[in-house]
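Reminder, nothing fancy here: chain letters follow the sequence lines and each chain counts from 1. In this text, all values refer to a predicted model and were calculated from it rather than measured experimentally.
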Amino acid sequence: MSEHIDHLLTAYIHQQLSPALKTQVAHHLQRCDHCRAALDQELSIGRELRDWMPAIGKPNKEQLTVLWSSVRQDRRHGLSWRWADGFPFTLIAMGLFIVVIACMVIFVQGPLPAIAAPVSPQQIQVTWTPYLTERPTDSSVQLISSEVAVTSIPTLLSTLPASPAPIAILNR
Amino acid sequence: MLGSTFPTSLHDDTHMCVLIASCLMGDEAAHAHLFQIASPHIYRLAYSILLNRQDAEDATQEAFVYAFRNLANFDPQRGTLRTWLYTIVVSRCRNARRRKWLPTVDLGNLLLMGREPSTSEEHSPAHQAAWASAREVLQQALTRLSPRLREAIALRYGHDLTYREMAEVLNCPQKTAESRVRLAHEALRAAMTAEDAALVQEMLSI
């Protein structure tokens, strides 16, 4: 324990340290002039407080007489005051407070407009590739995907006879 | 008739139950007696926390009105009447501090001098000046303490409460009460120079 121990001195004086720590503090105080001076000051402050604090604020007799008459009056009329005056007054005050808050919200900020979320029409791109689960019996009907149609229509048209057969193109 | 069995001081716990019972029966004399033995302690505690005469009187009045109305709730198994009353007045002092946002310190009345010099020799101008200086040193040091630390110092040194009783009154763990006293000591030690402390010590030893 080579550093100063000012922070332990009050606890040391008031016997609040563990036995081991108390022994260490006592040993340190024998060696350290700074901490010994701080201990002397600490003891001095304790003595001063014990001597002075009881003298602070001693009331005189007249003060207490006036206080007793006030307390006695309050005690006699306290119950009637609480229910006859205090309770309605509290209710009125709370009501006024709520009204003032409501007025502030309405007049300061104004009525809140109902703003709907902006909605704009959007095109939905759906990519659908139909699977040919069953080969059509009618050879004139072919199910092709849009992708196939885009790439294959020119080729397909070139293979058609002069009188075109019906073709079902499922684009979606 | 009952007056002979009433306690003579707030520390007389053996006769306190008789006084409380009489108060609960509505005996005006019992109320007056309880006020008479308790009010100096209650006012002194309020004053040493608030450091203002008017505030201390208000807190004392509120504390007694509350105590008389709620005396039936006092449980002797949980503590003494003294600590119960102290708890009430500390609570009222905290309320007063909250109401008065800016504290006003009545420096002129801070220390009512129970230890003022009385002999003609001690009334010499030099001695009076030294006494005034010593008083000023303590005034300044005490007013610099935070209210929580002043509460702890007032209960510990002004009313000689144990740390366990302090914890009960301050509604905190006992370790916290001990820490507050320690912090108050450190703050006072820091606020008072060595010369100040020597001056006060000299005046107290007279």
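With values rounded to the nearest 0.5 angstrom, A:Cys35 atom SG is found 6.5 Å from A:Leu29 atom CG. Rounding to the nearest 0.5 angstrom, the gap separating the CZ atom in B:Phe74 from the OG1 atom in B:Thr80 is 6.5 Å. Note that the CG atom of B:Leu161 and the OG1 atom of B:Thr83 stand 7.5 Å from one another [nearest 0.5 Å].
Residue pairs meeting the salt bridge (Lys or Arg N to Asp or Glu O under 4.0 Å) criterion with at least one partner in residues 38-48 of chain B, sequence neighbours excluded, are absent. Within the structure, no pair that satisfies the salt bridge (Lys or Arg N to Asp or Glu O under 4.0 Å) test touches residues 90-106 of chain A, not counting sequence neighbours.
Contact check for B:Leu85 versus B:Leu45: no side-chain heavy atoms found under the 4.5 Å cut-off.
Within the 4.5 angstrom heavy-atom criterion, no atom of B:His41 approaches chain A. Contacts between A:Ala37 and chain B at a heavy-atom distance below 4.5 Å are absent for every atom of the residue. Both the backbone and the side chain of A:Asp6 come within contact range of chain B, each with at least one heavy atom under 4.5 Å from a heavy atom of that chain. Contacts between B:Ala32 and chain A at a heavy-atom distance below 4.5 Å involve backbone atoms as well as side-chain atoms.
B:Asn52 places a side-chain N or O within 3.5 Å of a backbone atom of B:Asp55 that can act as its donor or acceptor partner.
Of all residues in residues 56-66 of chain B, those placing a non-hydrogen atom less than 4.5 angstrom from a non-hydrogen atom of chain A are B:Glu57, B:Thr60, B:Gln61, B:Phe64, B:Val65. Identified by a heavy-atom distance below 4.5 Å to chain A, the contributing residues of residues 145-157 of chain B are B:Ile153, B:Ala154, B:Arg156, B:Tyr157, in residue-number order.
Side-chain polar atoms of B:Glu168 and B:Thr87 form no donor-acceptor pair below 3.5 angstrom.
Nearest heavy-atom pair across B:Leu34 and B:Cys23 is CD2-SG, 4.3 Å. Closest heavy-atom contact between A:His7 and A:His4: CE1-O, 4.0 Å. In this structure, B:Ser22 and B:Ala30 approach most closely via the heavy-atom pair CB-CB, 3.5 Å. Closest heavy-atom contact between B:Phe35 and A:Leu64: CE2-O, 3.5 Å.
No other option in B:His31, B:His159, B:Glu186, B:Gln36 has as many heavy-atom pairs under 4.5 Å with chain A as B:His31.
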